[in-house]
Amino acid sequence: MSGAAHHHQDNDFLFKYIFSTDHKMISKQFFITGSFMGLIGMFMSTIFRLQLGFPGESFPFLESFMGNWAPDGILSPDKYLALVTMHGTIMVFFLLTAGLSGTFSNLLIPLQIGARDMASGFLNMLSYWFFFISSCIMIASIFVEGGPASGGWTIYPPLSALPQAIPGSGFGMTLWIVSMALFIVSSLLGSLNYIVTVFNLRTKGMSMTRLPLTIWAFLTTAVIGVLSFPVLFAAVLLLFFDRSLGTSFYLSDIYIAGSALEVDGGSPILFEHLFWFLGHPEVYIILLPSLGITSEVVATSSRKPIFGYRAMIGSILAIAFISFLVWGHHMFVTGMNPFLGAVFTFTTLLVAIPSAVKVFNYLTTLWKGNIKFTPAMLFAIGLVSTFITGGLTGIILGDSTLDINVHDTYFVVGHFHIVMGLSGAFGMFCGIYHWFPKMYGRMLNKNMGYAHFWLTLISSYGIFFPMHFLGLAGLPRRYYSNTEFPMFDNLYDLNEIVTWFAILAAFAQVLFLFNVLYSMFKGPKAPQNPWDSNTLEWTTPVEHIHGNWPGEIPEVHRWPYDYSKVDENGDYIGGADFIPQTVPLGENERDEGH
Amino acid sequence: MFDLLILVAVILGLIAIAKVIQVLELANNVKGTSSYIVSEKDNRTQARLMPVFLISYFAFIIWQVVKWGDEMLPVSASEHGVVIDQLMNITWMIIIPVFILTHIALFYFAWKYAYDKNRKAQFYAHNSKLEMLWTSIPALVLLILILYGLSVWGDVMAPLTEEDDPIEIELYSRQFDWTARYPGEDGVFGKSDVRLIAGVNMLGLDSTDENAWDDKYVKAEFHIPVNRSVQFYFRSQDVIHSAYMPHFRAQMNCVPGMITQFNFKPTITTAEMREITGNPEFAYYLLCNKVCGAAHYNMKMEIIVESEEDYNNWMNEQKEFMEYGKYSFSNEKNDINKEVLAKSTEAETKNSAL
Ligand code: HEM
Ligand SMILES: [Cu+2]
Ligand SMILES: [Cu+2]
């Protein structure tokens, strides 16, 4: 970081707000872009939920802004699939991968390890701009002829490879591939930067076992991303070849739209393997940052050290490692060798062990705590609940035998929304409520936060819990309506209830959006350390400056979880229920992280 | 114009809310409370909401079970399905208590340990014994589940043998319908190739292959005899589909370019299932369960399970491949057959037994 160059930039609007290389600004850019995408994704879900809750009913306002996607106010079947696909893609990649990691890894890595910025501010800026362009292309793909990609976020060929198969597999699909390629570049630039920064730029005294769990989670997430996203890149590249250059990596023996194609020897199963080699770790790319964020918030708000710090790190690493060995559980019924299925069942159920450890450690952290119910803490508690609820149904899906009958049904939709969608979203909300003062120097309104939390929690379970029942009744996912099978006739009401909750959920997010926008400009000024927290970011000035600390970077003397530490007489050491990492160890004090 | 008005109304509404919040905040400042610092009162309120939520959550789940429990799939209509259901029930019996206990702990702790300025949190950073305990107990339980699950898996996926004397059916998928093919009297499926698809020869059967001549194929519904194993082969002509027969706890993807397999033995006839469910209209279905295009949600076939006798009668009524039209199949050149077959008219397709 050369100081001179930065002085020049300070004066320049363009470089301060647009082409900023400052990690705090880039974090905000990711937050705003990611949230914007998230809003679109959510809006899409309410529209297709209208169709599912009230199949065949006409909603004239749909036609007024969607035109021929909803003739006579009824969403058309192929555009239903287009919306589901875009919803899934946006939520998984744009909101909960780039939006989540981009916001918090960028904000917190330098601040919590005591670095003046990322290892490479320039690459960091590029990472954002690749993401931005990728987002624009993905949004643009909605408006092209034939509509956007419509084969599901998993874009299995041949459906995604052949424009004859579904309108969305035309130009819209090409744009999907281009957008994802840029997205992957963005993700790799970001992740490499995070990894290098954590390993090389920690301040004096900040050993690996003094890192907050957030940093451990972000670091591990970045490593997973670097190892798995290139595989997705390869997969979509080959798909691109199949689509545009006449190769047949994934295609063989196909007769469609009245003629047999000149393709031979390929297999869509190859694509599935490549896709899920990323696809499963992707779940943890979403989940781990959320677990890191909530670990930090649970400890701070319980005024207690996180229980089993080392076990928490160990389980993060174990989950990351196992996540690379389980991709086949998405393919139990593709005709894979049953022996292989058995191996994947084994590895999949193993993940439950470190996950269970995490849950018990959360619970023990709450036990005998002194809990301050900030909105962030409420979302952290919510996450523990969703992580348990969704994780347990994973034991059913991960068992190849049981998966035969629930695979690709609404049971799966319920499961992954709860364990990944809700946990990811709750982690993100938790982080925003907790670090908003650090991001914008202002406070969010807590009462709106409370209302937002309860409405979100209630509507979330209202949406996704009933889906387990739909799935157990045999209802497949990605169905435009369940009116075609008499066996689903009695499920109408249930579907309607889900839709009402989805509408409620959407309103709750408007509340959040409002709170954020309002507080960004009008919120009360943030104090130096609003949550009495130990970590380094709260030692930086409230007003952002380049290089984060005006003088020397502080030295670290202890782990981050010295909350409510008492001496022999039962008095707080240091006189308060928290001891920041910058405070040297007392005479008889032990550093607990070691 | 109307849309514009709505937009204006929404914006005005938001501005109004913003003003109200500002006023409330000012009022807070006057009262000395704050809109962001968590007060004692907040802690009490939120803490109380914890058990309230827990109870409502449980109640909501119980309500669903009571109200929708009957809509779940009825007893398994296949032999292996009964074993799968047992495994499912045992898994639930492990999952549900864990769910209940951890949720009680979570919300109870949150309620019980709400902030009190006269109390100190207990500095409790680790306990190796406890951690070993809750690593090894889940590990043990999971090990049992894995072993049990895999033993069932082995049975379910085991190939049939001669002794099972299975009937064989090929389920052929395309956008957006199913065709079921039976090998006919000779018990051997004729060769097929997508490049031979034409007109009424919708499966691309190779008419130069004598084995194909007596193959029978049907649409809309297919029949199977009760208590006899069925060996299914699955093929697809265009994109990936998935043959999902939930009542039989059976599912297998149909992948273009390869043949996949599954087998089961139906144990309950359609008529019997109508009695069991008390629904005189009850029908078994084959559904498509892999998104395959716009009409994916409507890609179905009825499955009729009946006595061996009824099944044979039905089978005898079905046309053999050779009977489609008056074409004689020569053994010489495929191209000729293709042309001949292509001539078969739409009308004929409709008139045939299909
Ligand atoms: C407002 C809240 C949400 C609602 C009402 C909602 C609803 C739904 C529904 C009903 C489906 C299934 C549609 C079908 O199979 O036909 C679906 C699919 C999906 N959702 Fe959501 N969802 C929400 C939030 C999220 C979030 C936060 C995520 C983030 C992970 C997410 C990720 C996905 C994915 C990956 C799919 C699968 C898309 C596909 O089948 O290709 N959703 N959503
Ligand atoms: Cu997975
Ligand atoms: Cu299909």
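Heavy atoms only: backbone and side chains are in, while hydrogens, waters and symmetry mates are out. The chains referred to below are lettered A, B, ... by the order of the sequence lines, with proteins before strands, and numbering in each begins at 1.
Residue with the most contacts toward chain B among A:Thr374, A:Ile458, A:Leu457, A:Asp577: A:Leu457 (heavy-atom pairs, distance under 4.5 Å). For chain A, the option among B:Arg174, B:His247, B:Met252 with the highest count of heavy-atom pairs below 4.5 Å is B:Met252. Among the candidates B:Cys292, B:Gly257, B:Gly204, B:Cys254, the residue making the largest number of heavy-atom pairs closer than 4.5 Å to chain A is B:Gly257. Between chain A and the options B:Lys67, B:Met157, B:Glu71, heavy-atom pairs under 4.5 Å are most frequent for B:Glu71. For the options A:Pro338, A:Gly335, A:Ala260, A:Pro437, heavy-atom pairs under 4.5 Å to chain B are most numerous at A:Pro338. Between chain B and the residues A:Gly308, A:Gly369, A:Ala526, A:Ala356, the largest count of heavy-atom pairs under 4.5 Å involves A:Gly369. Considering only heavy-atom pairs separated by less than 4.5 Å from chain A, the leading option among B:Ser242, B:Ala283, B:Pro138, B:Ala47 is B:Ala47. Most heavy-atom pairs under 4.5 Å with chain B: of the set A:Ala342, A:Pro167, A:Pro530, this distinction falls to A:Ala342. For the set A:Phe65, A:Tyr156, A:Tyr362, A:Trp454, the count of heavy-atom pairs under 4.5 angstrom toward chain B peaks at A:Trp454. With chain B as partner, the option from A:Tyr563, A:Phe465, A:Phe332, A:Phe346 having the largest number of non-hydrogen pairs under 4.5 angstrom is A:Phe465. If you tally non-hydrogen atom pairs under 4.5 Å between each of B:Lys117, B:Glu281, B:Met50, B:Arg235 and chain A, the highest count goes to B:Met50.
Neither the backbone nor the side chain of A:Asn482 comes within less than 4.5 Å of any heavy atom in chain B. In this structure, the portion of A:Leu444 lying under 4.5 Å from any heavy atom of chain B is its backbone and not its side chain.
Side-chain contact between A:Pro466 and B:Gln64: present, with at least one pair of heavy atoms (C-beta onward) separated by less than 4.5 Å. Side-chain contact check for B:Thr260 versus A:Thr334: every heavy-atom pair is 4.5 Å or farther apart. Under the 4.5 Å side-chain criterion, counting only non-hydrogen atoms from C-beta, A:Pro486 is in contact with B:Tyr285.
Classified by interplanar angle (parallel below 30°, tilted 30° to 60°, perpendicular above 60°), the ring pair A:Tyr480/A:Tyr80 is perpendicular.
Remark: B:Lys120 is positioned above the aromatic ring of A:Tyr572, its terminal NZ or CZ atom under 6.0 angstrom from the ring centre and at most 45 degrees off the axis. Taking the ring centre of B:Tyr36 as origin, the terminal cationic atom of A:Lys446 falls outside the region bounded by 6.0 Å and 45° from the ring axis.
In summary, the aromatic rings of B:Tyr124 and A:Trp367 are positioned with their centroids under 6.0 Å apart.
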